[in-house]
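Ligands are counted one by one from 1 in listed order, and the atoms in each one are counted from 1 as well.
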Amino acid sequence: MKTAIIGTGYVGLTTGVALAYLGHEVTCLDLDAAKVENLKKGISPIYEPHLSELMKLASAKLKFTLDADEALRNAEVVFIAVGTPSLPDGNPNLTYLKSAAESIGERINAPYVVIVNKSTVPIGSGNWVESLVRDSYRAKNPAKNSNFVVASNPEFLREGSALSDMLYADRVVVGADDQRALDVLRKLYQPLIEQTFEAPAFLPRPEGFRAVHFLTSDLQSAELIKYAANAFLALKISFINEISELSEKVGADIQHVSRGIGLDSRIGNRFLQAGIGWGGSCFGKDTAALISTGKEYGLSMPITKAARDVNARQRARMVEILMGELKILKGRKIGILGLSFKPFTDDLRDSPALDIAQRLLERGAKVVGFDPISMDRAKREWTHIPVEFAASADAVFSEADAVLLVTDWPDFKNLPFEKCAEQMKHKLILDGRGQLEPGRLQAAGIRHIALGRSTR
Ligand code: UDX
């Protein structure tokens with residue numbers, strides 16, 4: 001099917017490449033000329049494992065353009081995947097969504113068009129998008145009846161595993177108030193639902209994986225599913241982090257507690273890794289949006305609020321624990337291992353590392369950071385604070401009064417800790433992800449404190 005994708009960010013690009021790989025004729029539209037030029041050369045603007053390889057495999061069906069006419073003219077399905085970043089009051093900024101909707105209305109002319117909200121949008125905005133498209137369509141075609149429907153198709157992609165999350169999804173959710181639109185989207189996703197596509201060698205189909213749930217609903221339910229899913233995942237993490245603070249006090253080990261509750265099939269063991277908590281562009285934004293939507297209806301959303309409060313506290317706790325150990329931070333040198341908000345991505349949005357670095361710098365400490373992938377981006381984006389950058393993970397330990405592990409990149413587990421210890425002024429590591437082996441560090445003479453384990 002002729003498919004247009006508006007916006008080539010994490011969601012738009014992943015969706016476009018995957019749909020082209022499934023065999024659809026996909027044209028991706030963006031307003032950033034440099035980004036489009038690179039995409040035409042097969043260069044991905046984001047670090048997403050296997051994205052460039054899949055772009056190559058799908059290249060015959062994949063186009064990138066700055067020209068809205070070229071992208072939208074004959075499209076049967078149009079995905080809106082533009083950014084909806086948070087405004088200071090927690091509401092999403094819908095400027096890009098509005099201009100995308102108006103641009104669509106002016107250009108679509110296929111007999112029947114399904115316009116799909118892929119961006120995370122406030123609940124009920126599907127109707128708003130429909131009215132925007134209709135107004136701009138009517139202005140352009142006063143005598144013609146428009147023939148389009150707006151649907152919601154929320155994404156559940158995790159950065160760093162976006163392609164496998166899409167090709168081997170737990171479920172595809174589509175919401176629309178028109179059965180024909182749901183049928184069009186079922187057809188679009190057919191190869192995914194039935195797993196009939198050839199699995200890429202670098203992204204093999206999981207053992208025994210045969211089909212994807214295709215859930216249809218009304219528009220509002222699909223929009224709410226997205227927010228509720230992210231809020232629950234954020235809550236799960238904040239719950240284990242709330243328990244982790246208590247477990248430190250009572251001398252328990254949060255990793256045993258997490259495993260012990262996670263083995264209960266009703267709870268499940270995923271998203272129960274205690275530590276410095278969540279960052280990224282979604283959990284913070286979506287929980288804030290859910291709270292502000294609740295407020296519009298006079299609902300206080302206390303559980304979603306608590307998830308955010310506990311998460312914010314985790315970052316502060318890292319600094320509190322450090323102050324408890326070093327007493328004075330002024331003039332100290334603190335190393336930070338990991339800058340991205342999670343491993344296998346270069347995304348720094350709402351990164352705990354940035355938050356902690358700012359708190360340390362405010363207290364007069366010197367901060368030296370390292371990240372295997374996101375350093376270039378950090379050097380470009382963190383110009384507002386005097387963070388220094390180390391050439392390697394080991395170099396972070398040189399003359400350090402303490403080193404904080406903030407992102408659980410696998411390589412950090414196997415650093416030469418004996419050698420690192422020799423370079424440190426104070427042999428202290430705060431393990432913000434509970435990732436390091438206590439025995440290994442003890443053997444190297446390094447005091448290891450992990451969130452959720454007693455500091456005995
Ligand atoms: C999330 C949702 O998982 C995804 O479904 C949605 O589409 C977008 O938002 P993402 O933000 O990319 O995906 O990453 P995710 O893997 O969910 O991790 C989010 C944050 O939670 C990261 O900072 C991660 O370090 C943290 N996390 C995750 C924990 O602290 N503990 C865990 O157990 C899991």
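Between G280 and ligand 1, not a single N/O pair is under 3.5 Å apart. Backbone and side-chain nitrogen or oxygen atoms of G279 are examined, and one is located within less than 3.5 angstrom of a nitrogen or oxygen of ligand 1. An N or O contact shorter than 3.5 Å links Q273 to ligand 1 by distance. Ligand 1 has a nitrogen or oxygen under 3.5 angstrom from a nitrogen or oxygen of F156. Between R158 and ligand 1, no pair of N/O atoms sits closer than 3.5 Å.
With rounding to the nearest 0.5 angstrom, the CG atom of D431 is 9.5 Å from the CG atom of L337. The line from NE2 of H256 to CD1 of I261 is 14.0 Å long, rounded to the nearest 0.5 Å. Here the straight-line distance linking atom CG of L224 with atom OG of S217 works out to 9.5 Å at 0.5 Å rounding. Distance OG/S351 to CZ/F341: 9.0 Å, rounded to 0.5 Å. The OG1 atom of T287 sits 11.5 Å away from the CG atom of L233 when rounded to the nearest 0.5 Å.
Counting only non-hydrogen atoms, the option in F344, F271, W278 that gets closest to atom 17 (O) of ligand 1 is F271.
Given atom 12 (O) of ligand 1, the protein heavy atom at minimum distance is E159 N, 2.7 Å. For atom 15 (P) of ligand 1, the nearest protein heavy atom (residue, atom name, distance) is K342 NZ, 3.7 Å.
Look at G275 and you'll find every heavy atom at least 4.0 Å from all atoms of ligand 1. Residue contacts with ligand 1 do not include K236, since none of its heavy atoms lies under 4.0 Å from the ligand.
The residues E320 and R313 are annotated as salt-bridged, a charged nitrogen and a carboxylate oxygen being separated by less than 4.0 angstrom. A salt bridge is defined here as a Lys NZ or Arg NE, NH1 or NH2 lying under 4.0 Å from an Asp or Glu carboxylate O, and E25 with K61 meets this definition.
Counting heavy atoms closer than 4.0 Å to ligand 1, residue L272 contributes backbone atoms (N, CA, C, O) but none from C-beta onward.
Atoms of ligand 1 lying under 4.0 Å from at least one heavy atom of F341, given by number and element, are 11 (O), 12 (O), 14 (O), 22 (C), 23 (O), 25 (O). Proximity to C282 (heavy-atom distance under 4.0 Å) selects the following atoms of ligand 1: 8 (C), 9 (O). Residue K226 approaches ligand 1 through these ligand atoms, each under 4.0 Å from one of its heavy atoms: 6 (C), 7 (O).
Surrounding CZ of R210 are at most 12 heavy atoms belonging to other residues, nucleotides or ligands under 6.0 Å away.
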